Amino acid sequence: MKTQTKPLVITLAALIVVVVVGLVAFLVARVQAPDPAAAAVVRADSHVLDDAGDGAVTVVEFLDFECEACGAYYPVVEEARQKYAGQITYVVRYFPLPGHVNSMTSAVAAEAAAQQGRFEDMYRRLFDTQAEWGEAQESRADLFREYADDLGLDMTAYDAAVSDPDTEQRVRADFEEGRALGVGSTPTFFVDGRPLVIERWNDLETVIDAALDR
């Protein structure tokens, strides 16, 4: 009887542990994720690449610098920015995917550059060179530092920003707000606050045209 009872007790104990761990993870996720009702598509500290002023159509992209889909869509975005120059305000927000080794590292590099007013320069460099470092299984922070040096950034300030926990927290704030807004993959676009599902290469321009006609 005792021999039969022991495995049952062990199994029940294991199940209890799994349930407790799952409950804790669920509660932590609820605490960390912002309230969807309080989430905003654009914040005062969001990185604006093009500002067309009041009344312009606002396009917001949640992106991951290591995401291949973001890299593939990058030329489409740049073409749209040129085509609609003066008509749209283009905003970029971070959404580093957990499955990529250098998603957060590259975002931190971009944020460190942003602190010196050079976000767009690093944004371009990271996408232009994505094939060189994307999918690497080790940190490419040293390479991103070389990019910063090539761009002529103040390297003392850059290094300080990269090592400052507040820099990563700024990236995570975008990520968490993106989750609250329903973002689950990259690139994800919002046009005038409305989420856009990309199915074809010209979907972004089609929606911008429609917004401009309203």
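Side chains included, hydrogens not; waters and symmetry mates left out as well; all remaining heavy atoms used. Being a predicted model, the structure only gives us computed values, none of them experimental.
By the 4.0 Å N-to-carboxylate-O rule, E61 lies too far from R93 to be salt-bridged with it. A salt bridge is absent between K83 and E79; no separation between the charged side-chain nitrogens and carboxylate oxygens falls under 4.0 Å. Between R172 and E176, no side-chain nitrogen of the basic residue sits less than 4.0 Å from a carboxylate oxygen of the acidic one, so the salt-bridge criterion is not met. Of the charged side-chain nitrogens involved, none lies within less than 4.0 Å of a carboxylate oxygen, so that E132 and R140 do not count as a salt-bridged pair. With respect to R125 and D128, no salt bridge is recorded, no charged nitrogen being found less than 4.0 Å from a carboxylate O. Using a 4.0 Å cut-off between a side-chain N of Lys or Arg and a carboxylate O of Asp or Glu, R43 and D174 do not qualify as a salt bridge.
A donor-acceptor pair is defined here as one N or O able to donate and one able to accept, closer than 3.5 Å; such a pair exists between the side chain of Y73 and the backbone of W201. The backbone N or O of A161 lies less than 3.5 Å from a partner atom in the side chain of T167, making a donor-acceptor pair.
For an aromatic pair to be called close, the ring centres must be under 6.0 Å apart, and Y158 with Y147 fails this.
By the 6.0 Å contact criterion, CD on E135 is enclosed, its count of non-hydrogen atoms from other residues, nucleotides or ligands being greater than 12.
In terms of heavy-atom proximity, N102 sits nearest to A141 at OD1-N, 4.4 Å.
Under the ring-ring contact (aromatic ring centres under 6.0 Å, His included) criterion, the residue pairs touching residues 49-71 are F62-F190, F65-F127, with sequence neighbours excluded.
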